[in-house]
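Chain A is the first sequence line, chain B the second, and so forth, proteins listed ahead of strands; every chain is numbered from 1.
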Amino acid sequence: MKFWLMKSEPGAFSIDDLSKEGFSGWDGVRNYQARNYIRDDMNEGDLALFYHSNANPSGVAGICRITETDIVDPTAFDPDSQYFDPKSSEENPRWIMVEVEFVEKFPRFVPLSEIKGHESLSDMKLVQKGSRLSIMPITKKHFQTILKLGKSKIKP
DNA sequence: GCCAACGTTGGC
DNA sequence: GCCAACGTTGGC
């Protein structure tokens with residue numbers, strides 16, 4: 001099993017939204033590196049940190065689980081969607097998504113400042129200079145360290 | 001709202 | 001294939 005960090009702007013989709021809905025397609029990924037990660041390396045059953053970006057404060061809000069991979073992202077074909085991409089066609093889809101399932105909202109939100117200040121988390125892609133990836137792999141150690149900071153009840 | 005960092009586009 | 005211009009991300 002692999003471990004991931006997935007960013008979402010809470011104004012668009014937050015951990016509370018996922019908690020209410022239970023499951024959700026993770027649509028709108030429009031970055032090739034992030035897409036390649038989900039296409040090539042993400043598997044059903046993987047666990048991901050749910051990260052709130054562009055938030056006050058930004059940070060990790062909880063955990064979700066990957067329940068399905070390699071789904072064609074339908075928002076790319078929708079001219080009314082903010083994720084519309086005229087270069088993607090149903091015959092030759094460019095963007096894919098995964099489905100995730102709510103696992104847990106952390107009892108304690110883990111702000112970015114705390115991740116930045118934590119010695120053993122300094123090699124996460126998240127805190128490396130200039131990194132803006134919206135989906136990135138993380139190590140089991142990073143995952144467990146952040147679970148601890150969030151006072152998670154999950155034991156992966 | 002600012003702006004640094006990075007990705008993408010398109011002319012050549 | 002290079003690279004300048006432009007667009008986007010995302011913390012602050």
Send over the distance from [X] [atom1] to [N] [atom2], rounded to a whole Å.
X: I115(A); N: dG10(C); atom1: CD1; atom2: P; result: 14 Å
X: N31(A); N: dT8(B); atom1: CG; atom2: C1'; result: 11 Å
X: Q128(A); N: dC6(B); atom1: CD; atom2: P; result: 11 Å
X: R30(A); N: dT9(B); atom1: CZ; atom2: C1'; result: 18 Å
X: Q82(A); N: dG7(C); atom1: CD; atom2: C1'; result: 15 Å
X: I135(A); N: dT9(C); atom1: CD1; atom2: C1'; result: 14 Å
X: R94(A); N: dT9(B); atom1: CZ; atom2: P; result: 7 Å
X: M136(A); N: dG10(C); atom1: CE; atom2: C1'; result: 11 Å

Would you say the side chain of [Y] lies within less than 4.5 Å of the side chain of [X], judging by non-hydrogen atoms?
X: I146(A); Y: H118(A); answer: no
X: Y37(A); Y: W4(A); answer: yes
X: W26(A); Y: I66(A); answer: no

Starting from the 5' end of DNA chain B, give me the residue, K87(A) or G130(A), whose nearest nucleotide shows up first.
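It is G130(A), whose closest nucleotide lies nearer the 5' terminus.
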
Can you see if the side chain of [X] gets near the phosphate of [N] - specifically, an N or O under 4.0 Å from OP1 or OP2?
X: K7(A); N: dT9(C); answer: no
X: K116(A); N: dC12(C); answer: yes
X: K129(A); N: dA5(B); answer: yes
X: Y83(A); N: dT8(C); answer: no

Does the dT8(C) base have a donor-acceptor partner in the side chain of R132(A) within less than 3.5 Å?
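Flag set: donor-acceptor pair detected.
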
What side chain to side chain donor-acceptor pair (under 3.5 Å) pairs are there with at least one residue in residues 145-156 of chain A, not counting sequence neighbours?
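Every side chain to side chain donor-acceptor pair (under 3.5 Å) pair that includes a residue of residues 145-156 of chain A, provided the two are not neighbours, is E104(A)-S152(A).
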
How about Q128(A): does its CD atom have over 12 heavy atoms from other parts shown lying under 6.0 Å from it?
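Yes, enclosed.
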
